[in-house]
Amino acid sequence: MINGRSNPGKYTEVSQLPQQLVLFEHIHRKVAEQINGERVGETAKPASGDMLIPFAFEETLCRDVGAGLVLPSIHIWSHQGGVALGLRDSKLPCAGLAMLRLEEQGIRTAVRHSGGAAVPLDEGVINISLILPKSRGKLDFHDDFRLLASLITEAVAVTHPLAAAQIEAGEITHSYCPGDFDLAIGGRKFCGIAQRRQSHAYFVHAFVVISGSGQERGELIRRFYEEAACGQEGLSYPDVRPETLAGLGELGGPVTTEVFTSAMLQVLANRGIQVKPAAVLAEETGYTLDYEDIRVLEAARVLRERYA
């Protein structure tokens, strides 16, 4: 159970996971290159530089889950450096200029379709999405928020139980992308949760800040809003105060994305859930989906035209 500052029982987990999940993993990692035994630099393992590709991938995978083409899935991914904006962010008077300035710094930008506001996504941030078919009964999206919050807390507890015991759920008002299911330790947010629904399936998504400075990320988003607002008053956007943000490594939790990702998979195994890698599923059934899939690229094009 997640601690809730106002009402602990509000965050009691209700939803249940299916007994089997397919794992799709797209983690951006820098690996050292060596020539004659000497380190000569770092290169990135494959991961798309286009900020919209992970969201387009999930949009496509969600349709396939809803159509019964693939089992319920979990997508774990990271990005080498970007900012995902909410639709309202993109409508600020100078948003285009603010996005261009980020791009000039090598920070990719995109407008996502899953709701919320601007968040920075980089190598120190792990994104987790559960892609599930809709049941015939009443769907309460809060149940799925609680489920994902519980999984994240359990993953922290695998290696850092004292930090996990301090996690609270509830809006951190002056964080970026504030929401009812922000996860924080000591009032400093490290995780946010959102959801996207389709006709026959949906996904619930969390970004989890693991390594690096939460305050620096908060300052990046604060400056974006300052530039996007062009000094105009009366606009509606998050009042970001960087001191309200932190990475788990700064809060006594896991310090690397590898440790957290391994712990998440262990949590699923502890719950009796079989996690089947996508490569194994491909061998068994022939079903494949990746970032380079033509359907994913087409979905990215549609998202760009619809939300840009």
Side-chain angles (χ1 to χ4, degrees), residues 1-13 78 83-86 88-89 114-128 141-195 204-226 236-257 259-260 263-264 267:
M1 182 172 76
I2 308 299
N3 296 319
R5 288 185 295 277
S6 59
N7 181 2
K10 177 182 177 182
Y11 300 102
T12 302
E13 181 186 329
S78 64
V83 173
L85 307 178
R88 290 177 64 184
D89 299 328
S114 57
V119 295
L121 302 176
D122 55 56
E123 296 165 8
V125 180
I126 285 292
N127 298 271
I128 303 170
F141 71 92
H142 288 103
D143 292 346
D144 298 295
F145 279 35
R146 295 181 186 102
L147 171 61
L148 190 49
S150 292
L151 291 174
I152 291 165
T153 302
E154 289 176 31
V156 175
V158 169
T159 55
H160 295 78
L162 293 180
Q166 300 175 63
I167 293 176
E168 294 183 328
E171 182 175 325
I172 303 299
T173 306
H174 293 290
S175 65
Y176 50 67
C177 197
D180 289 344
F181 281 84
D182 293 341
L183 300 184
I185 295 175
R188 300 179 71 189
K189 173 178 174 175
F190 68 87
C191 172
I193 303 178
Q195 190 183 71
V204 56
H205 167 86
F207 69 83
V208 186
V209 183
I210 308 293
S211 61
S213 169
Q215 187 156 338
E216 289 179 4
R217 292 182 177 95
E219 179 60 25
L220 176 71
I221 302 302
R222 187 201 65 78
R223 286 199 308 269
F224 165 79
Y225 282 125
E226 183 178 67
S236 176
Y237 58 87
D239 175 21
V240 178
R241 300 181 187 178
E243 64 272 14
T244 64
L245 298 144
L248 271 172
E250 298 176 297
L251 299 170
V255 297
T256 69
T257 56
V259 167
F260 178 81
M264 176 59 69
V267 164

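Remember, it's a predicted structure, so these values are computed and weren't measured experimentally. Values below: every heavy atom of this structure, side chains too, minus hydrogens, waters and symmetry copies.
A donor-acceptor contact shorter than 3.5 Å links the side chain of Asp182 to the backbone of Ile172. Of the possible polar contacts, none joining the Thr159 side chain to the Pro254 backbone as a donor-acceptor pair under 3.5 Å is found. Lys189 places a side-chain N or O within 3.5 Å of a backbone atom of Tyr176 that can act as its donor or acceptor partner.
A distance of 9.5 Å separates CZ in Phe207 from CD1 in Ile193, rounded to the nearest 0.5 Å. Remark: Asp144 CG to His205 NE2 distance equals 14.5 Å, nearest 0.5 Å. Note: Leu183 CG to Leu251 CG = 11.5 Å, rounded to the nearest 0.5 Å.
Not counting sequence neighbours, the partners of Glu219 by the side-chain hydrogen bond (donor to acceptor under 3.5 Å, both in side chains) test are Arg222. Scored by the side-chain hydrogen bond (donor to acceptor under 3.5 Å, both in side chains) test, Tyr225 finds Asp89 as partners (sequence neighbours excluded). Not counting sequence neighbours, the partners of Ala163 by the side chain to side chain contact (heavy atoms under 4.5 Å, CB included) test are Val156, His160, Ile185. Considering only residues two or more places apart in sequence or on other chains, Arg188 meets the side-chain hydrogen bond (donor to acceptor under 3.5 Å, both in side chains) condition with none of them. In this structure Asp122 satisfies the side chain to side chain contact (heavy atoms under 4.5 Å, CB included) test together with Val125, Arg217, sequence neighbours excluded. Residues passing the side chain to side chain contact (heavy atoms under 4.5 Å, CB included) test with Val267 are Leu151, Glu154, Ala155, Val158, Arg271, sequence neighbours excluded.
At least one side-chain heavy atom of Leu245 sits less than 4.5 Å from a side-chain heavy atom of Ser175. Leu85 places a side-chain heavy atom less than 4.5 Å from the side chain of Phe224. Phe260 is listed as a side-chain neighbour of Ile128, based on a closest heavy-atom distance under 4.5 Å. Counting heavy atoms from C-beta on, the side chains of Glu171 and Pro178 come closer than 4.5 Å. Looking at Ile152 and Val208, their side chains come closer than 4.5 Å, going by heavy atoms from C-beta outward. In this structure, the side chains of Ile167 and Phe190 come closer than 4.5 Å at one or more pairs of heavy atoms. The shortest distance between side-chain heavy atoms of Val259 and Ile210 does not fall below 4.5 Å.
Residue Glu216 comes nearest to Ser213 through the heavy atom pair N-OG, 3.0 Å, listed as atom of the first residue, atom of the second, then distance. Nearest heavy-atom pair across Ser211 and Val255 is CB-O, 3.3 Å. Residues Val119 and Cys177 share a closest heavy-atom pair of CG1-CB, 3.4 Å. For the residue pair Ala84 and Leu121, the shortest heavy atom distance occurs at CB-CD1, 4.1 Å.
More than 12 heavy atoms of other residues, nucleotides or ligands lie within 6.0 Å of CD in Glu243, so this atom counts as buried by the packing criterion.
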